[in-house]
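Presented below is the structure to which this report refers.
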Amino acid sequence: ADKAKLQRIFNEGLKYLLFLSILFGLAGLFLVSPLVNWFFAKYAVSLPYFYFLLITIPISAFSVIASVFLVVFRRQKFLFFQKIAKILIGVPLYLLLLPPFGLWGLAVHSLVLSLILNVIVYWQLHQDVKENVRLDWRALAHFDRGDWDFIKKMIRQSASFVFCRFKPS
C-alpha cells in the first residue's frame, strides 16, 4: 500500500472520529443534564461522574482507528493481548483506586486505563506496521474545504437516512 495514502486515511479517519466524538461529548454535556433532571431526577447525583467520563470519548477515538489499522495489517493477536493487558492493568488499578476514592476512583480508573491502553496501541501500531503510520497533530487540527464538504455530505446522508427511514407511509 502507498505510505502517503495510508497516512492520509489514518489522519482523516482519526480527525473525523475526534470531531464526531467531541460533538457527541458536547451534546452529552448540554443535553443529558436537563433530560436526566426532568425524566430521571433520582439519578441526577450521578451527573458529575458522567461529565468526567465524557473526557474518555475523544480518547477512545484514537484506539478505534489504531485497532482498525492493526486488523488490516493482520495484528489481531496483539488485539487479543491488549484485552489481556486491559485485565492485568485494570484489575489492580481498580483495587487501588476504588477503596480510597469510591465512585470517583472508578471514573479515574476508566480515564487512566483508556490513556494507558491508547499508548500501548499507538506503540504497537508504530512498531508493527511496516509503513509506520504516525500521529500528525497538525493534520488533526487542520480542516480544509474538502473536510467541511465531507462533513456536510455525512450530515446530509445521515439526516436523509433517519428522516426517510421513519417517514410515515
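This chain uses plain numbering: 1 for the first residue, then up along the sequence. Worth knowing before you read on, the calculation uses all heavy atoms, side chains too, and leaves out hydrogens, waters and symmetry mates.
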Students should find that the hydrophobic cluster of Val45, defined by side-chain heavy atoms under 4.5 Å apart, otherwise consists of none
Indicate every side-chain donor-acceptor pair of residues 87-112 with a distance under 3.5 Å to a residue at least two apart or in another chain.
{"unit_1": "His109", "atom_1": "NE2", "unit_2": "Gly90", "atom_2": "O", "d": "2.9"}

For Phe150, the ring-ring contact (aromatic ring centres under 6.0 Å, His included) test, sequence neighbours excluded, returns Tyr16
Taken in chain and number order and not counting sequence neighbours, the residues that satisfy side-chain contact (heavy atoms from CB on, under 4.5 Å) with Lys153 are Arg156, Gln157
Out of curiosity, does Val64 fall in the hydrophobic cluster containing Leu54 (side-chain heavy atoms, cut-off under 4.5 Å, transitive links)?
-> no
*asked:* With clusters defined by side-chain heavy atoms of hydrophobic residues (ILVMFWY) lying less than 4.5 Å apart, directly or transitively, does Phe78 cluster with Ile65?
replied: yes
### Query
Are the side chains of Gln82 and Leu79 in touch, meaning some heavy atoms are under 4.5 Å apart?
yes
Residues joined to Val119 in its hydrophobic cluster, side chain to side chain under 4.5 Å directly or through other members, sorted by chain and number, are none
Residue set satisfying side-chain contact (heavy atoms from CB on, under 4.5 Å) with Lys5, at least two apart, ordered chain then number -> Asp2, Arg8, Ile9
Distance-only donor-acceptor pairs under 3.5 Å for side chains of residues 20-38, two or more places apart:
{"unit_1": "Ser21", "atom_1": "OG", "unit_2": "Leu17", "atom_2": "O", "d": "3.1"}
{"unit_1": "Ser21", "atom_1": "OG", "unit_2": "Leu18", "atom_2": "O", "d": "2.9"}
{"unit_1": "Ser33", "atom_1": "OG", "unit_2": "Asn37", "atom_2": "ND2", "d": "3.3"}
{"unit_1": "Ser33", "atom_1": "OG", "unit_2": "Tyr51", "atom_2": "OH", "d": "3.2"}
{"unit_1": "Asn37", "atom_1": "ND2", "unit_2": "Ser33", "atom_2": "O", "d": "3.0"}

Sorted by chain and residue number, the ring-ring contact (aromatic ring centres under 6.0 Å, His included) partners of Phe19 (sequence neighbours excluded) come out as Phe143
In this structure, would Leu14 and Ile57 fall into the same cluster of hydrophobic residues linked by side-chain contacts under 4.5 Å? no
The complete set of salt bridge (charged side-chain N to carboxylate O under 4.0 Å, His left out) pairs with one or both residues in residues 14-41, sequence neighbours excluded, reads Lys15-Asp147
The complete set of side-chain hydrogen bond (donor to acceptor under 3.5 Å, both in side chains) pairs with one or both residues in residues 55-71, sequence neighbours excluded, reads none
Where the side chain of Asn11 meets the backbone of Leu140, is there a donor-acceptor pair that is under 3.5 Å apart? no
One should read off an interatomic distance between Asp149 CG and Lys152 NZ, to the nearest 0.5 angstrom, of 6.0 Å
By ring-ring contact (aromatic ring centres under 6.0 Å, His included), Tyr122 pairs with (sequence neighbours left out) Phe62
- Message: Grouping I, L, V, M, F, W and Y whenever their side-chain heavy atoms are under 4.5 Å apart, do Val68 and Leu6 come out in a common cluster?
- Response: yes
Subject >> Joint cluster assignment, Trp137 & Phe10, ILVMFWY side-chain distance < 4.5 Å >> reply: yes
